[in-house]
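Naming: A, B, ... by sequence-line order, numbering from 1 per chain.
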Amino acid sequence: MSWEVVARKDFQDSVRSRWLQGLTVLFVVLVAGVIWVLRPGPGETVSSNQVLNSLLLKDALVTTLVPLIALVVAYNAVVGERESGSLKLLLSLPHSRADVVAGKVIGRSAAFGVAVFVGFLLPALALALGPLQFEVGSFVGFTLLTALLGAVFVAIAVGASAAVPSNTLAIGITVGLYFLFVPLWGAVQLPLQFYFQVSSPPAWLPLTGQEVIRLLRLINPTGAFKIVTNAYLGSTLFAGDGARLHVGATAMLLAWLLAPPLFGLWRFDRADL
Amino acid sequence: MAAIDIEGVTKRFGDVTAVNDLDLTVPEGEAFGFLGPNGAGKSTTINMVLDFVRPTTGTVSVLGHDAQRHSLMVRRRTGVLPEGFDVYDRLTARQHVEFAIDSKEVDDDPVALLERVGLPDAVDRKAGGFSTGMRQRLALAMALVGQPDLLILDEPSSGLDPGGAKEMREIVREEVDRGATVFFSSHILGQVEAVCDQVAILRNGELVAQDTVEGLREAAGGEARLVVTLREPSAFDVGTVLALPEVSEATLDGDTLTVACADGAKTEVIAAVEDSGVGVSDFETAEESLEELFLEYTADDGEAMEVEP
């Protein structure tokens, strides 16, 4: 398959980038740092699930940093090659533009996934020898979900990268999306949550206050990720009262994984290079 | 079937017309030179052949396939050395060629290809450290993967030293002998003259000439250029040769007399110079070079463009 060849080449290229190598080290240091902060007193142990459930790891590290880094790693995936001219080498070979976009999403997600895996597993394994009670299943699952969140933001960045003719525009769009999804979304969501505790949404909106908040969480890929991981770590994923919400959040993550690259491809396919 | 068939193609970028109503047929199995000054529309034309850009009007077909709708089919059988490309800095020469091999789903030997283009010592070096000439050779190796039916070389000699340019021409010749069509663009006539069977000359997005190299020479008038060294130049009057009916031009510079005349009139000119009593110490003849013809075709409003040697 042609996209496979592109993905393999992009993976080979990305894992050799200093950016990604530095990033892997950063993950190792940060995850180790979180575990150190949460270290138990003498004679006690702490479970890896407690680490994963901590605000520090889940909110500060994963949902704040992973989107940022994924966007940085992928914003120039297509447009960078378009500006440098290596795209001419790539497209003179028998690859369709769809193969290029798909290959970029997959190759770069895989490279990012490697950084996440090394970053999460290395410190955990080291500390498992000490006071950390290591629950392999949930830890690997959480790491996979983090890689999925990374892939979603890689997909968003590759979509932007394919859609525009210059690196500068791609940077602008990805930075804008980051601010929208991470700080801004939270800044709107929190006061709104307080507001809906005392009053209800306008009458023309056929939703209750709680539903509006839930929708806001669901639409944002980091929010959807939190819904899925919380349920996963609480062993209630796709079960109980939240089942519908979990399915919705998973579907939303998949939609974010597919829609931006498709939009990018739609523009890229029409472009004169 | 033609290797490349361009019919009535116009390409506009905004209000700039890069290519204007171009008709061009490249026959199969020969080396075809595509000439013109920088900015004449050569790369735009090649980009339309490869579906990097789409014609505003007109159709391009390559190896019998529509270049736009069946671009993948075209690129499976085409090898390309693009203009203004870049390599993947972090990947080695071998990884580049392997990428082309995997992309074309063939089973070539990357080392053999890199040896053929003169990069035997750089196989496992990262391409980021390559010179322009080495990058050019690397892209040529990628273009040769899978024995393509059509090789498109866009300004292949840029960045190559004269030795490298000669090797490039040898590879072009070998590929044509194998049965491939080579479409070779250049703004330097000398690169194309020695290797191409036919040439087309593009200027301001329009085709100004298409012929064999021989045919172009004839079109130049078949004039001979006679360079005569005189013993006593001070006693010579240029008017005596200019008076001859088949002489179009004569200039005296120091002891060197240069005469442009019909090919058959050379002996007559020499005789006339000797008759004037100034003494001929040496003479040589030359065909009017294709270079001058190329300049005539491509010069804008009588202003000669700069041509690299």
Side-chain angles (χ1 to χ4, degrees), chain A residues 1-23 73 76-104 106-108 111 114 162 165 167 265-273, chain B residues 11-14 18 43-44 46-56 68 70-92 94-106 126-128 135 138-139 142-143 145-146 148 151-154:
Chain A
M1 289 299 280
S2 182
W3 61 262
E4 254 181 81
V5 179
V6 179
R8 205 177 325 131
K9 189 229 37 135
D10 198 60
F11 178 80
Q12 277 185 336
D13 192 19
S14 303
V15 291
R16 283 172 177 76
S17 104
R18 298 233 181 284
W19 254 109
L20 201 83
Q21 290 166 356
L23 212 74
V73 164
N76 69 349
V78 179
V79 77
E81 286 213 29
R82 192 166 160 184
E83 281 201 337
S84 78
S86 57
L87 192 64
K88 286 187 177 175
L89 221 48
L90 179 56
L91 280 179
S92 70
L93 296 166
H95 303 294
S96 69
R97 297 190 190 183
D99 293 328
V100 172
V101 173
K104 288 286 180 183
I106 292 159
R108 228 155 262 218
V114 168
N167 249 327
L265 175 63
W266 176 73
R267 298 253 316 181
F268 185 48
D269 230 7
R270 273 154 192 74
D272 279 340
L273 305 176
Chain B
K11 177 63 189 179
R12 287 187 209 95
F13 295 102
S43 286
T44 303
I46 289 175
N47 286 343
M48 287 190 284
V49 167
L50 298 172
D51 195 38
F52 293 173
V53 306
R54 281 69 187 248
T56 311
Q68 201 173 332
H70 303 296
S71 178
L72 277 187
M73 240 131 50
V74 168
R75 284 179 281 141
R76 251 175 230 136
R77 296 172 55 198
T78 305
V80 187
L81 169 51
E83 184 259 338
F85 71 93
D86 197 7
V87 295
Y88 297 102
D89 290 354
R90 292 185 289 264
L91 299 184
T92 63
R94 184 202 297 270
Q95 284 169 324
H96 277 82
V97 179
E98 277 172 350
F99 175 51
I101 290 171
D102 294 344
S103 299
K104 289 202 156 168
E105 299 172 335
V106 291
K126 287 187 179 174
R135 285 163 194 244
L138 175 56
M142 292 174 75
V145 165
L151 257 181
I152 295 178
L153 312 176
D154 197 354

**Study point:** Toward chain A, the part of B:Glu98 with a non-hydrogen atom under 4.5 Å
**Key:** neither
Check your understanding: Just by distance, do the side chain of B:Arg75 and the backbone of A:His95 share a donor-acceptor pair under 3.5 Å?
Key -> yes
Review point. Side chain of B:Arg90, backbone of A:Asp13: donor and acceptor closer than 3.5 Å?
Key: yes
Exercise for review: Indicate whether any N or O donor in one side chain lies under 3.5 Å from an N or O acceptor in the other, for A:Gln12 and B:Tyr88.
Suggested key: no
Review point. Tell me, do A:Leu89 and B:Pro82 make a side-chain contact under 4.5 Å, heavy atoms counted?
Key: yes
**Study point:** B:Lys11/A:Asp272 ion pair, N-O < 4.0 Å
**Key:** yes
Practice item. Could you tell me the separation between the CZ atom of A:Arg97 and the CG atom of B:Leu72, rounded to the nearest 0.5 Å? Key: 11.0 Å
Check your understanding: So which part of A:Arg270 gets closer than 4.5 Å to some heavy atom of chain B, the side chain, the backbone, both or neither?
Key -> backbone
Exercise for review: Select one option (side chain, backbone, both, neither) describing which atoms of A:Ser96 are under 4.5 Å from chain B's heavy atoms.
Suggested key: both
Review point. For A:Glu4, is it the side chain, the backbone, both, or neither that has a heavy atom closer than 4.5 Å to a heavy atom of chain B?
Key: neither
Exercise for review: Please round to the nearest 0.5 Å and tell me the distance separating atom CG of B:Asp154 and atom OG of A:Ser92.
Suggested key: 11.5 Å
Exercise for review: Calculate, to the nearest 0.5 Å, the distance between atoms OG and CG belonging to A:Ser84 and B:Asp89 respectively.
Suggested key: 8.0 Å
Exercise for review: Please check if atom CZ in B:Arg54 has more than 12 non-hydrogen atoms from other residues, nucleotides or ligands closer than 6.0 Å.
Suggested key: yes
**Study point:** Residue, of B:Met142, B:His96, B:Lys126, that accumulates the most heavy atom pairs under 4.5 Å with chain A
**Key:** B:Met142
**Study point:** Stacked cation flag A:Lys88 on B:Phe85, 6.0 angstrom / 45 deg
**Key:** no
Review point. Checking B:Ser103 against chain A: side chain, backbone, both or neither under 4.5 Å from a heavy atom?
Key: both
Study note, to complete from the structure: Most heavy-atom pairs under 4.5 Å with chain A, out of B:Asp86, B:Leu91, B:Asn47, B:Leu50, belong to B:Asp86
Point to revise | Largest heavy-atom contact set with chain B, pairs under 4.5 Å, which of A:Leu91, A:Asp99, A:Val6, A:Leu87 | key: A:Leu91
